Engineer: 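Let me begin by handing over the structure; questions about it come next.
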Number of protein chains: 2
Amino acid sequence: MPSPRPRRRNAAPPPRRRDAVATRKAILASARRAFARAGYDGVGLREIAAAAGVTAMMVGRYFGSKEELFAEVVADTMRDPVILSPENLAAPDFAAALTKAMVAVTAPGATPLDGFLILLHSASSPRAAEIGREWISRGHQATLESLVEGPWQVERAGLFLALVAGLQVIRQMVEIPSLAEAKPAVLEKLLKPIVRLLVEQGNGSVG
Amino acid sequence: MPSPRPRRRNAAPPPRRRDAVATRKAILASARRAFARAGYDGVGLREIAAAAGVTAMMVGRYFGSKEELFAEVVADTMRDPVILSPENLAAPDFAAALTKAMVAVTAPGATPLDGFLILLHSASSPRAAEIGREWISRGHQATLESLVEGPWQVERAGLFLALVAGLQVIRQMVEIPSLAEAKPAVLEKLLKPIVRLLVEQGNGSVG
DNA sequence: GTCTATAGAAAGATAGAC
DNA sequence: GTCTATCTTTCTATAGAC
């Protein structure tokens with residue numbers, strides 16, 4: 001065997017196609033879509049990689065493991081809140097603004113709130129649930145507690161989170177027609193007084 | 001090899017230990033616990049079988065497949081509702097009764113509502129989600145629609161379901177401390193007016 | 001009726017060529 | 001930096017002994 005490797009010159013190794021940062025970004029975006037749709041256990045690294053245009057091995061190379069990839073995706077989606085956004089919090093009637101945003105982002109097919117959705121779909125994995133608990137507790141729960149007026153801020157902030165989670169479960173995850181096909185205006189009308197009860201003052205004398 | 005099978009007489013084949021109905025019941029109970037804890041994808045047939053004291057093969061023998069076993073477990077848990085129980089529906093102040101039940105069954109560690117919990121944990125499996133959607137739509141949603149007074153029964157019934165689902169997500173699945181460690185009395189006090197808004201009449205003029 | 005043993009597919013992770 | 005190929009484990013489902 002005189003020439004075992006006659007393919008190419010040794011001087012100019014061809015840099016395949018894409019650079020590192022673009023590949024990493026593509027994998028992250030693909031993983032975000034896949035986890036939101038099928039959850040941590042419901043999707044494989046091969047599938048994520050294929051949708052990103054690379055092979056499964058690249059995922060391990062860039063993120064170490066599936067779990068680390070998941071953690072990064074969650075961090076990415078939780079970074080800028082869409083319901084508790086600065087604009088909504090600064091609105092004159094922020095209960096109304098929160099309600100409107102809540103209905104919009106939990107619409108079937110809507111993806112802006114996929115951070116929450118990823119957690120809901122992935123809660124069967126203990127490790128995934130723990131990652132999500134950290135983000136919600138230290139992020140959204142804390143924001144809400146400082147926002148809610150009146151007594152029992154902690155509990156009322158938690159109930160607000162429960163309401164958002166429940167809407168997402170019924171409308172996006174299980175897709176029960178009663179809410180999945182409901183008109184946004186109707187939902188807003190029904191939800192607004194509930195949100196008011198939770199975030200505005202004057203709820204200490206009920207019951 | 002003169003006597004290849006000298007173990008036992010051929011006249012009295014020993015019926016191992018348990019009868020069919022007891023084994024089936026044990027498998028069903030084990031599967032219910034396992035699915036509630038880890039979801040459809042999060043648990044294997046081996047684990048379910050081991051907790052029931054049998055081998056994985058028996059599960060296939062009694063239920064055909066994992067999916068059929070799951071469907072039977074869901075049917076079993078959905079059969080008698082614990083929040084929408086006849087007693088609660090017949091209570092003088094049924095909004096208060098529903099609220100109390102809602103807080104009780106979504107307490108961390110509580111398992112009476114594991115039908116819902118199983119679905120939440122299993123929603124990443126498309127087939128499991130579909131099984132759950134059928135039960136909720138035709139069962140609880142229908143019951144609620146006939147119970148709710150006033151306009152928009154469909155949407156308000158759905159919102160009630162969303163509230164229960166959200167409580168279960170936050171308190172049992174993700175276990176956010178704000179609600180998981182909250183006093184039941186506080187939660188009842190905060191939730192009662194919300195439940196009233198949803199199930200009692202007179203909510204057509206808000207907004 | 002219950003078991004051991006295994007087939008066949010798919011998962012995550014890794015080695016090594018180029 | 002990217003690939004093909006493979007290791008190891010784990011899953012569901014099934015065949016066959018007793």
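All of these numbers come straight from a predicted model, not from anything done at the bench. First the proteins, then the strands, lettered A, B, ... as listed; each starts at 1.
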Engineer: Between atom CG in A/Asp41 and atom P in D/dC11, what is the gap in whole Å?
Structural biologist: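 Interatomic distance, CG of A/Asp41 to P of D/dC11: 11 Å.
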Engineer: Is any side-chain heavy atom of A/Leu69 less than 4.5 Å from a side-chain heavy atom of A/Ile48?
Structural biologist: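 Yes. Closest side-chain heavy atoms under 4.5 Å.
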Engineer: Could you go over nucleotides 7-13 of chain C and give all protein N or O partners under 3.5 Å, atom names and distances?
Structural biologist:
residue, atom, partner, partner atom, Å
C/dG12, OP1, A/Lys66, NZ, 2.7
C/dG12, OP2, A/Leu45, N, 2.8
C/dG12, N7, A/Arg46, NH1, 2.9
C/dG12, O6, A/Arg46, NH2, 2.8
C/dA13, OP2, A/Lys66, N, 3.1

Engineer: Does a salt bridge link A/Glu181 with A/Arg171, judged by any charged N lying under 4.0 Å from a carboxylate O?
Structural biologist: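 A/Arg171 and A/Glu181: not salt-bridged.
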Engineer: Test of understanding: with side chain to side chain contact (heavy atoms under 4.5 Å, CB included), list the residues that count as partners of A/Ala50, not counting sequence neighbours.
Structural biologist: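 Scan of A/Ala50 (side chain to side chain contact (heavy atoms under 4.5 Å, CB included), adjacent residues dropped) gives none.
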Engineer: Using only side-chain N and O atoms of A/Tyr62, determine if any of them is under 4.0 Å from OP1 or OP2 of D/dG1.
Structural biologist: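 Indeed not, no polar side-chain atom of A/Tyr62 lies that close.
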Engineer: Please give, in whole Å, the distance from D/dG1 P to A/Ile27 CD1?
Structural biologist: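 Checked: the CD1 to P distance equals 12 Å.
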Engineer: As a test of reading the structure: which of C/dC3, C/dT2, D/dT4 is closest to the side chain of B/Thr55, going by heavy atoms?
Structural biologist: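 Looking only at heavy atoms from C-beta outward on B/Thr55, the closest nucleotide is C/dC3.
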Engineer: If only side-chain N and O atoms of B/Thr23 are considered, is one of them under 4.0 Å from the OP1 or OP2 phosphate oxygen of C/dT2?
Structural biologist: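 Looking at the OP1 and OP2 atoms of C/dT2, one of them is under 4.0 Å from a side-chain N or O of B/Thr23.
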Engineer: In whole angstrom, what separates A/Met58's CE from D/dT4's C1'?
Structural biologist: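 About 13 Å, once rounded to whole Å.
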Engineer: Using the side chain to side chain contact (heavy atoms under 4.5 Å, CB included) rule, pick out the option among A/Glu68, A/Met78, A/Arg32 that qualifies with A/Val73.
Structural biologist: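 Among the candidates, only A/Arg32 passes.
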Engineer: Would you call the rings of B/Phe70 and B/Phe35 parallel, tilted or perpendicular if under 30° counts as parallel and over 60° as perpendicular?
Structural biologist: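 Rings of B/Phe70 and B/Phe35: perpendicular, over 60°.
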Engineer: Consider the side chain of B/Met57, meaning its heavy atoms from C-beta on, and name the nucleotide among D/dA15, D/dT4, D/dT2 that approaches it most closely.
Structural biologist: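 So the side chain of B/Met57 is nearest to D/dA15.
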Engineer: Check the surroundings of atom NZ in B/Lys100: do more than 12 heavy atoms from other residues, nucleotides or ligands lie under 6.0 Å from it?
Structural biologist: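 For B/Lys100, atom NZ is not crowded (no more than 12 foreign heavy atoms under 6.0 Å).
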